[in-house]
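Encoded as structure tokens, the structure appears first; notes follow it.
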Amino acid sequence: MKKLLTFGLLFVLVFSLVACSSNSSTSGDEGSVEKKTEDDKELVIATGADMVTFDIHDHNTTSTEAIHVNMFNYLVKRGEDGFDPDLAESWENVDDNTWKFKLREGVKFHNGEELTADDVKFTLERVANDNKLLEHGNYSQIKEVKVINDLEFEIITHQPEPALLNRLSRLGSGILPSKYIEEEGWDKFLENPVGTGPYKFVEWKKDDRVVIEANSDYFGEAPKWNKVTFRAIPEDSTRVSELLTGGVDIATNLPPSDWERVKDNEATEVAQGPTQRVMMLVLRQTEGHATSDPKVREAIDLAIDKQAILDSLMEGSGTVTRTRVTPGNTGANEDLYGKTLYDPEKAKQLLKEAGYGDGLELKLSAPNGRYLKDKESAELIQAMLGEVGIDLKLEFLEWSSFADKYASKSFDDMFLIGYGNSMFDAALALDRLSSKQAEGETDYNNPEVDKLLEEAMSNMNAEERAKQYQKAQEIIAEERPQIYLYQLDAVYGVNKGLNFEPRLDEMLYVDDITVK
Amino acid sequence: MSTSLLQIDDLKVQFKTGEGVVPSVNGVTFSVNEGETVAVVGESGCGKSITSLSILGLVPSPGEISGGTIKFGGKDLLKIKKRELRKLRGNDISMIFQEPMTSLNPVFSIGNQIGEVLRLHQKLDKKQALNKAVEMLDLVGIPDAEKVVSRFPHQLSGGMRQRVMIAMALACNPKLLIADEPTTALDVTIQAQILELIKKLKTDFNTGVIMITHDLGVVAEVADRVVVMYAGEVVEEAPVNELFANPKHPYTKGLLSSIPNVDQVVEELGTIEGSVPNPLNLPKGCKFNPRCPLATERCRKESPVLEEVGPAHQKRCFNV
Amino acid sequence: MRMFSRIEVKKELTLEETKTDKKAYSLKWLKVLLNSKTGTLGLIIVVFMVLMAILANVIAPHDPAQTDVVNRLVPPVWAEGGNPDYILGTDNLGRDILSRIIVGSRVSLLVGISAVFLAGAIGLVLGLISGYYGGFFDRVIMRTVDAFLAIPNILFMLIVLAVIGPSLMTLIFVLGATTWVMYARMVRGETLSIKERDYVRSARAVGAKDIRIISRYILPNIISSFIVIATLNVATTIILESSLSFLGLGIQPPDVSWGLMLSDGREYLATSWWVATFPGVAITITVLGIIFLGDWLRDVLDPKTKTN
Amino acid sequence: MKFLIKNILRIIPVLFIISLIVFLLVRVTGDPVSLMLPETATDAERAQLRESLGLNDPLYIQYFTYLGDLITGDFGESFRYNQPALGLVLERLPASFGLAFASMLVATLISIPLGILSAIKRNSFIDLFITGGAVLGKAMPNFWLGIMLILLFSVQLNIFPVSGTGSLMHFVLPAITLGTAIAAEMTRLIRSSMLEILGQEYIRTARSKGLLEAVVVNKHGFRNALIPVVTIMALQTATLIGGTLITETVFSWPGMGQLLIQAVNLRDMAVVQAATFIIALLVIISNLLADLAYRYLDPRIKYD
Amino acid sequence: MTQVKEKKKTLLKVTGLKKHFPVTKGFIKKETIPLKAVDGIDLEIFEGETLGIVGESGCGKSTTGQMMLGLLPPTEGTVTFEGKDLTSLSKEELRRLRKDLQVIFQDPFSSLNPRMTIEQLIGEPLKIHGVMQGKQLRNEVIRLLKTVGLGEHHLKRHPHEFSGGQRQRIGIARALALKPKIIICDEPVSALDVSIQAQILNLLRKLQKEFKLTYVFIAHGLPAVRHISDRVAVMYLGKVVEVADRDSLFEKPIHPYTEALLSAIPIPDPTKRKEHKLLEGDLPNPSNPPSGCRFHTRCPYAQEVCKMKDPELTEYHEGHKAACHFPLQQ
């Protein structure tokens, strides 16, 4: 008896441990964080993954770029409407293949060197020519950079490139100090990177932190913070705990389960905004797959209550959509955005018409842990399809295995994936549905879509080009080679003393973050 | 006779095991006088070792002393405080064990282990203790004592280790030495050396000795008085010459006749049939009755008591 | 953790033959079992868990995969806001935690037991060869064992699972393929020591062949230590599986295991404690039961401490 | 000295086998290319990258190339960092080593007194409590314990920092997290080792000398019980380092564990190989040190 | 006895037998120094007799026994059984020879497989050699059990249910099963209680008469050896120092070691207490034995020559040989 009592006691111990932490959520008195105040000139931001590299051409990671933007400048910036000057003061389209730029005067790198057109040539030609670089594919359109004088240069493309400015406003075009790199070598640069941005590099402790400090020589508005630290905290609950205890001021990728806690806490709040990432089901239309029947595809679309997924898994954040090209991208079809279809009765009807009245078995492959709530979404989709008589077999794959299968195009009926778009242009978003690219994956083949995409690719008339893409999106929405579920929101936990606006591109421009 | 040093009265020890309570020692009574060697003889499992361990309160768990008294110097060792008992251990009463190999701690040097007792009971400092340890090793006939003090037990032979044990036991000049089968693990030639040593030390220091053994040869060599135990009880007690010349208990007789004699050859050895009873399941009546050639109906029903059969000679048997 | 040490007693007591027939003999086992309270508790827990796994589909009150979006994160029935339909509450998809624990016991125990079986089989064979025959094989096997021991289990599994992709079968395979070394070492050691015993000499003396010596003399005498280690390893394996789940490499949904529930539930530790706590408690109780049972088995199966 | 040389020589075949295991583990994998490129990359881009990484050679050629490089200490370049893999691993070694050391310290501090106590008070309430605690410590997965500790000691009580490195305080929670399972194992081990030692005859001898029970237990008992414990502690090194994989992730500790997990996920083979190799070497070295300690603790071996 | 001996047939003969063990030292890695457990002995065992081999621990008597059985390959020398050299036999031939050569071990607790029943244990030799099976086998096992004083009701029991003496009886029954010609008794009574020793010794003698067995009786207890042996060989540090008929050895020992050994035995008669001729010091380390006569370090009669020269085993009387430079009686 005495022994049983002991075990009882032990369990009480464990439970009480749990209980005290759970009670806290209701008391709203969690953590010890205080509001950020004016005189605090240091900012700490927690991200889910460490920065990958300082080689701006050799990664394709949004969270890395989010840090880089504080140290490097692009030639142009995406603005509210079109593009704003950044390092380039002005530009013009000389002919279909030639763009002429003029640099801002008096821009200095962190090591004191002046920015010249040679630096631009060095930077862009490196990424355009070196096929080992991960960003090469996005810049190989550039044939050469012609230096006219210290501040003027021309970019010549192989083919007419309507999306050139998009390309110049993203990670590959952060201008690098050519002299420094040529003299000291890449290794030195990677250890001690130099840019033109408002903040200078201090240290990078891998898998721990990146520290940057104010660049007093910055050409633009003076930096607002003395020192900014980006901490890599992969475990969600740890990141939240750091926010709640004041260890960090902003935490990215806040898991939905913790939003309440962050909101309830006196000194923290939740900030959220749309991102470029759209979750979708990709369906195979190859002969022999039930999904080759458009009615089945429509039924699947109609059977899934996308809003319910958002409500139950993401606390309602995120936006349903019927297109992948969301607002903020060139060529977005806003008519399809914010819309969703849900009609399980009709779905059943369609299945019956397609000859699957007695039920249908399909297989869905999904990654586990790659996207916010990917596993749970798939499980809910399974339940929803079950309602209309589709028996969905789930195959979950850890990301590297998923990526393997993705690369070899060996998924079965459907897979769940979330595509981003760092180009802010419909070209990249829809490219995968051209019959050439789709072969072996969706086997989607619509000559009309092919034609629209091909023409738009090199159409220098922006308006007409947008129209072509919008038309393509309409067709795709009807034919459903991909069933769009929703656009994901980025959710941040933020100290209440800060003004923080999430950006569509998920960049963390620290000078946009201010003390209230 | 000289004065009584130790008096054990009606000692009872039992073990509580998963299979029930096992009586190990069941009402043992005997005494030891100053300068006297009392041999306790019996086969394995008769409770002789447990009796000796009871004296120092070292009965291993789950054993416990459930009755009786052990008087030493007027005090009942079973009643005094642990602290007082500890002061007696190694000081007034010390013990040597059967296995000199395992009775010494392998990780400490000989000097350390002997010195430990001296520092504890005689409050010597480290250096004095070491000197005294060398002295003691000399005394027990260890050559090169200065070197041996810094050695470890595994570097010594069995006989040397037993000498070390004796040196350790005698370091504080105890009044009573309990030797629990001190020579069983040794070769005959070494056994003879150790027995000689114990005899010599006994006369030199007038120490009372309890010699636990199963070997009647050893008994005949060293004992003044003999206590024969069987199944947790004393079955016979007598002065050594009397016991060998005139054994009264059938068990004692059987034991004596079963020893092959190196001096004369007999065609067939005397035997005691059967084997020692299971302590969990002791026979009714006289514990020896299932193996006794003389057993009667009475022996199977009643337990005999220890009775006087001659001067200082007692037996536990109904037959005359 | 030997609860009762009988060795000291044995030294003093040479036991005579006991007049027991078969029935009394088996009763004695039961008596010994009941005498060890922890052993009894261990056995009860393990039997309970195994029954639960076998009867999972019958006793689970809900379909463990049935989501209920309205009743998400319902606390257990005794807490504020509890729903009597869901005794231990629901998880973030509104699935019944009790049912998932009941059904999860299947995979958890299956993984634990099969992996141990696999590892045990490999380890037993290699250990026997290594220990009995010695020589070149012994050296190769032992260096391989050293190599495996130098790579942490979890790392090994991490790499393999990331490569092959986690599934029930690969999980069992990998757990088995990494833990066999412990058995091989133990079996080899025991074999080496038993090989030198008099009863093996006695077998040689009557002319027994190697195969007979291994099967009748060595194997039966190591099997008890083997069973004890294997038993305890079922517990270790269950825990390892949960760590793999944390790394996303454990059991994959729609299968459910305690480790997966625990790992998935960690996100809710601060807000909905029941999601992760109950599978954690299930693991703890099972591990406790297995350890107690293992300790008891060690006592009973060891011929030295064997009941009479 | 002779002992050392012989042991070091014996490591060589082990290292060889490890290299084979590691190579097979890593190379039989799929290809890293699909992970290095975004979801939207084209087939041509993939093929190009594969060729440039030398992944099209036959397996055995890749192994010999790898073995040759290995002997010269070249583990290849990390795909992720574009730096020599060995350097990356060695850079992280101190952090992991520090954590492992602190955890071992915690484990030792917890397990020695508890193990001895439960051995002395065998079958008592205390013993049972410690035993139960050990089982609980063993049954609790690292990540769960880590998160719980953060919630309790950082978020609730605000005693220790949540994560990261920097001060001694940062060590406390991760070290407890990692040390607990080891402590549980060691407590059980010390208990049984102590129990065995306490049943030895020289303990009876020590008692018969009249020594205080505390001296008997701590001097005569523990010193002997320590001998097997040291060996097991060394065997725990592998478990310990394995544990850092998870603990480091929970506490965002910038050690080898995090590096490894990410490297595995990204199929950064060079780093995986280098890290596995270095870890194996560490384990082997710690076992060697344990052997030395063993020889020091047990004069039966030392003086032979 | 001497007259009859001429007719006696040599059953087992060992010549120049040596066994050196590599001693493994250290925890992980071993360094090897050969331990010369047996260092060149010659012995003959005649049909129907009992040869006692005595000596203190470490003298190599058990190793000799194992080599006689063919369980341990000798480093040098031969063991000839009925004219066949055991060392040259193949594994299979040796296995078949086992029928004739059996052994009884010292420790009855460790020499019986704890996982087998008595029936299996005693029946096993018969089964292995395909002598009999089934009902016949069982009857034979029962007969053997009765021969050693146990009963049919013991068949299904396991060794741990028996006392030491009973186990030794089981060991004897197992050895007897194949009707061997010779049984090597390796300290068969030294682990037993005094009252049981006599039972086993009596049983062994009874069986010898009944089955015309030849025994090699290895022991360290001289009284038992005297009781059971016809001839006795005394070993010291891997060598035979004296071998003779029982009575002549015990009454007129030639070697000083034998004399000392005899003197050291405590006599179970308190009236005969005597001064023992004590030997000095301990047994030297067998891996590094003294030069010359190995006994010289402890011998009261040792001279310079003893340190230099190893004495040969010389016959002093009919069948009484000793290896000493200064024999006590001639």
Side-chain angles (χ1 to χ4, degrees), chain C residues 1-5 7-8 38 139-140 142-165 235-236 238-243 245-249 259 262-263 265-267 269-270 276-277 280-281 283-292 295, chain D residues 10-11 13-18 20-22 25-26 28-30 118 122-123 128 131-132 134-136 138-144 147-148 151 155 181 188 191-192 195 199 235 237-246 249-250 260-261 264-265 267 272 275-276 279-284 287:
Chain C
M1 216 181 304
R2 186 164 283 155
M3 283 301 170
F4 293 102
S5 173
I7 298 171
E8 298 96 325
T38 48
R139 259 171 282 152
V140 170
M142 281 304 111
R143 289 303 80 78
T144 312
V145 165
D146 285 348
F148 270 85
L149 281 176
I151 305 175
N153 275 354
I154 186 106
L155 173 56
F156 197 106
M157 293 174 200
L158 174 76
I159 299 173
V160 178
L161 287 174
V163 170
I164 318 180
T236 318
I238 292 175
I239 299 163
L240 253 179
E241 191 266 318
S242 74
S243 288
S245 285
F246 172 79
L247 296 173
L249 295 168
L262 187 63
S263 163
R266 72 180 189 273
E267 204 178 291
L269 269 179
T277 302
V281 170
I283 290 181
T284 310
I285 293 178
T286 309
V287 168
L288 193 82
I290 292 173
I291 288 178
F292 281 166
D295 282 339
Chain D
R10 221 173 63 128
I11 290 174
V14 178
L15 288 180
F16 180 77
I17 297 172
I18 290 174
L20 194 65
I21 296 174
V22 172
L25 275 184
V26 177
V28 181
T29 76
S118 73
R122 176 163 45 137
N123 294 339
L128 211 80
T131 303
V135 170
L136 200 66
K138 206 173 138 66
M140 254 187 303
N142 270 346
F143 65 87
W144 150 282
I147 294 171
M148 292 289 260
L151 287 178
V155 179
R188 283 167 56 88
R191 180 186 183 273
S192 64
L195 273 183
L235 283 178
T237 323
T239 319
L240 195 67
I241 294 179
T244 60
L245 294 188
I246 286 162
T249 309
V250 172
L260 240 169
I261 288 187
V264 168
N265 282 337
R267 301 282 158 78
V272 172
T276 310
I279 287 174
L281 207 59
L282 265 182
V283 174
I284 291 172
N287 284 338

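Labels below follow one simple rule: chain letters A, B, ... track the order of the sequence lines, proteins then strands, and each chain is numbered from 1. The basis for the numbers below is simple: all heavy atoms, side chains too, and nothing from hydrogens, waters or symmetry mates.
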Interatomic distance, CD1@Ile147(D) vs CD@Glu267(C), rounded to 0.5 Å, equals 9.5 Å

Which distance, rounded to the nearest 0.5 Å, do you find between the CD1 of Ile291(C) and the OG1 of Thr131(D)? 9.5 Å

Which residue out of [options] racks up the most heavy-atom pairs below 4.5 Å with chain C?
options	answer
Thr239(D), Leu282(D), Val14(D), Leu20(D)	Val14(D)
Ile11(D), Ile21(D), Ile241(D)	Ile21(D)
Leu240(D), Asn287(D), Val283(D), Leu15(D)	Val283(D)

Just so I understand: if I count every heavy-atom pair under 4.5 Å between each of [options] and chain D, which residue has the most?
options	answer
Thr286(C), Val287(C), Leu158(C)	Leu158(C)
Gly248(C), Gly280(C), Ser263(C)	Ser263(C)
Leu247(C), Ile283(C), Leu262(C)	Leu262(C)

Heavy-atom proximity to chain C below 4.5 Å, by part of Thr249(D): side chain

What is the minimum heavy-atom distance between Ile246(D) and Ser243(C), and which atoms define it? CD1-CB, 3.5 Å

If you compare all heavy atoms of Val272(D) against all heavy atoms of Ile159(C), which two are closest, and at what distance to 0.1 Å? CG1-CD1, 3.6 Å

Output a table of donor-acceptor pairs, distance under 3.5 Å, between side-chain atoms of residues 148-155 of chain C and any protein atom two or more places apart or on a different chain; print 'none' if there are none.
none

Just to verify, what does Phe143(D) make a ring pair (Phe, Tyr, Trp, His ring centres under 6.0 Å) with, not counting sequence neighbours? Phe246(C)

